[in-house]
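Worksheet: one structure, shown below.
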Amino acid sequence: EDLLDSHADEQLGDADSPNADPNCVFIKQVFYGCVRHKEALKAFMSAFYNDMAASVLRSDYTLYLIITYLTFFRLEELGFNEYRKFIESQEPDKMTGFLSYSFDVARLANSTKWDWIKLYDLDFVEETMLGPIEQHTKAANTMRIELIAKASGLAAEKEASDGKVGLKEMPKKPPTVAVSPHLTRPAPRAVPEPIRIKQEVVVGKEPTYLERTSLEAVQKTKAARLEEERERTTKKYAESNVQEFKLHDTRSNLQRVRREVEEKRAKELDFDKDKRAPPVRMPREGATVKLNTAAILREDSLYKKKQEQEARQIQAYEAELRDSTEFHAWQTEMRSKDIHRARENVERTRVLAKLSAEEARRAIERQKEDNLALASQIKEESDAMMEQRALEVQMQAMMNRRLVEDINEVRDHAPREAEAKLLEQRRARRDEVKEDIEAKILEKEAELEQEQKEREDKVRQLKALSEVPRKHVKVFDPTESIGLGLLDEMSLVEMKERLSINKVRAEEIELEKRGEISVAKHKKQTDLMKRVENIKRIRKAAGTSNKEARERRKAMEVAQAEAEKQLRDEHNMTLLDTLDEKRRTRQAEQRELEEEEERRKQNQAFAGQNAHAAEELHFDELLKGADREARTRQTEAQRASKMYEETKRTERTVVETTTAKRESRKKKLFAAKADELEVKRKDLISRQKEEIAAKKAAFLVQREKHRTVKEKLVAFNPYASTVGKLAGSRTMGGGSMTGSVRGMEQ
């Protein structure tokens, strides 16, 4: 924030006083507004660049950011006329896309509004930000249309300059000749006044500690310390258990290393070696799988869950005096019956499908005839639609010709008017920019002059401070603290004592922790061994029971397969009998028709005079035969329909029964889970209460221990406690004295 303030003050100068420049004040407000509403502006800019990526440039991001701030946060304050000036000062192509997107309230409500609601209140977004947008939508659309016309005028001007519009070529301006500007020569840099350096040495008083010692005493102390260090080093290496260094012996293992390398290479060059890998020897009693801790715990947890489930079943049996085994057996039996019934339905459906194949073939023939009639009708409608389409194309071409004539008429006059208006606007903007630059130059000169004066004043102050000599005398006492009044302030001697105490305490804690870890490891190993033994026992029992269950299941599957095969054979025989009966019926009808035809021919041959009567008799017989065939077909269709309805009704009954059973089981399961969750929740609450009580008790015990240790430390090292109290009292005294001095200064 300080960096923003300093930057704004450096670039804009005084923008907070009543006499400040209004332009600088407005620029500073816009700058701070963009920083304050950065998140909201960033959300809008992301959506804008995402939706308008084909018509906007990334280099214009800052321009669109400032215009967005003026649109959504300052439009009501500025007024639309002042806002119009800002828009018209930019390129029309850029502003048309921005206006069409920012004044589309429906689009903003569906996209950017939800991001703004995360930052501001809903009332602020709808009234302060989107309210002025809805109010000035019509004016913005009008301005956007004018900008589009202006942009088209500029484009037409460019095309006219290239000779692409068809207008007469206008005389071009002569090329601009570069003229060297009259630049002001830089003023010579002012050389600062040289600083006089005093060539003298200030010597203080002669030190008094030289009288307490002499050079001979220092040399003797040094020689004694050197001799003591030499003896200590010699004793250290003489008493060491490590093998002594044999620095005078020399040895070489070159021959041994060479021999080892040659033997290794000779082994690699053994070409007669059998390269086949030895066969894998499988254990006779099965492979031994070593379980890790995670596998042991996972399998033990699974077995415990099964045991809990069995225990719940036993408890339920004891409480409800009933066993669910009979229910599960009945449920399994009913499911097998349902499966058997479903397979019977499938067989029945297959038989019905084969019986209805002939009816489907006849229906297909009728459908083909209907399709031919429908195709002819569609062809006639298509011809009529093609004629209507040709008329519409002619009408659209005529309207396009009229539109081209109108555009040519506007193109002859609009570019001249737009060019004159644009030149006038550029002249006005040039005058405003020129005046603004002159004012800023004057302000900058005044600021530089003020900065130069402040810099000279600081140089004089630094010179005065450097000429005053200072004396610093420091005396170190290891038994005294620094005296600043800090919480953990202590002397060097006290620090060493405390470090030694802490070291002993840390060693004790480490030994205690190591013992706890060893005991925990032993307990964990014992627990894992017990779990492994339990797993082996359960696996052995489960293997035996699973083997018996597999044998029973295989026997049941074989019996079920035999029953299904027998049922399928019965249905196939029934189907064959039905088809044979239909075939015999059809052959009998065919023989009757042939015999009737033969009798008709004989009657015609022997009784020509009764030809008319024979013909009538023939037609009557044909009608009777057709009637009999229709009656037979209708009877078969009714029987098939009745069988189909019966099958559907049975299936619906089975589905409803199964659904009711499933819903009942689901409700019971959910109720059991809810009860279990309630029990666990109560258990968890009781456990949490116990943990909180245990933590409180541990805290009280720890606080009592801390107080006891603190009293022991004070009794063990009264000197440190005395120094601490003196430091605290000294700090309090120093604070009171500082306050009194400040009072006197005031």
Side-chain angles (χ1 to χ4, degrees), residues 338-393 564-565 567-601 604 614-659:
D338 292 340
I339 294 171
H340 182 68
R341 193 181 296 111
R343 289 176 179 173
E344 289 181 354
N345 293 334
V346 170
E347 290 294 331
R348 190 183 299 110
T349 305
R350 184 169 64 88
V351 172
L352 292 175
K354 290 183 178 181
L355 292 175
S356 61
E358 184 66 23
E359 296 180 3
R361 184 181 61 79
R362 295 178 182 177
I364 290 172
E365 292 178 357
R366 290 195 299 271
Q367 184 67 29
K368 287 182 179 180
E369 296 176 357
D370 296 340
N371 289 342
L372 290 175
L374 182 61
S376 61
Q377 184 180 359
I378 291 173
K379 188 178 295 184
E380 294 176 358
E381 293 179 357
S382 176
D383 295 338
M385 291 174 66
M386 291 297 293
E387 294 178 358
Q388 185 178 359
R389 176 63 180 168
L391 294 175
E392 291 178 357
V393 170
E564 290 179 357
K565 183 178 180 182
L567 179 63
R568 192 179 300 109
D569 293 340
E570 292 177 359
H571 284 292
N572 288 333
M573 293 301 296
T574 304
L575 179 60
L576 289 174
D577 294 339
T578 304
L579 294 177
D580 290 339
E581 184 180 356
K582 284 190 174 183
R583 191 180 301 109
R584 286 194 298 270
T585 304
R586 192 163 49 250
Q587 290 176 359
E589 291 177 356
Q590 186 68 23
R591 284 196 301 270
E592 289 179 0
L593 291 175
E594 291 177 356
E595 292 174 358
E596 186 69 26
E597 182 67 19
E598 186 67 26
R599 285 197 301 271
R600 186 183 63 79
K601 290 181 179 180
Q604 284 181 357
E615 188 175 359
E616 289 181 356
L617 181 60
H618 169 67
F619 280 112
D620 290 339
E621 293 295 334
L622 288 178
L623 289 175
K624 290 179 181 179
D627 189 13
R628 288 194 303 272
E629 184 179 0
R631 213 168 24 248
T632 304
R633 188 168 58 250
Q634 186 177 6
T635 304
E636 292 293 332
Q638 289 177 355
R639 187 174 63 82
S641 177
K642 185 177 180 181
M643 188 180 296
Y644 177 71
E645 292 296 332
E646 184 67 24
T647 305
K648 284 183 63 178
R649 185 163 54 254
T650 306
E651 289 181 354
R652 188 159 51 250
T653 304
V654 171
V655 170
E656 291 175 356
T657 306
T658 307
T659 305

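The basis for the numbers below is simple: all heavy atoms, side chains too, and nothing from hydrogens, waters or symmetry mates. Quick caveat, the model's predicted, so the values are computed rather than measured.
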- Is there a side-chain contact between E656 and E651, using heavy atoms and a 4.5 Å cut-off? no
Check this for me, if you would: do [X] and [Y] make a salt bridge, where the nitrogen-to-carboxylate-oxygen distance has to be below 4.0 angstrom?
| X | Y | answer |
| --- | --- | --- |
| R599 | E596 | yes |
| E392 | R389 | yes |
| R639 | E636 | yes |

- Query: In this structure, which one of E344, E645, R341 forms a side chain to side chain contact (heavy atoms under 4.5 Å, CB included) with T650?
  - Reply: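 So the option named by the test is R341.
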Mind checking the [atom1]-[atom2] spacing from [X] to [Y]? Nearest 0.5 Å is all I need.
| X | Y | atom1 | atom2 | result |
| --- | --- | --- | --- | --- |
| Q587 | E594 | CD | CD | 10.5 Å |
| Q367 | N371 | CD | CG | 4.5 Å |
| I378 | D383 | CD1 | CG | 12.0 Å |
| T657 | R652 | OG1 | CZ | 12.0 Å |

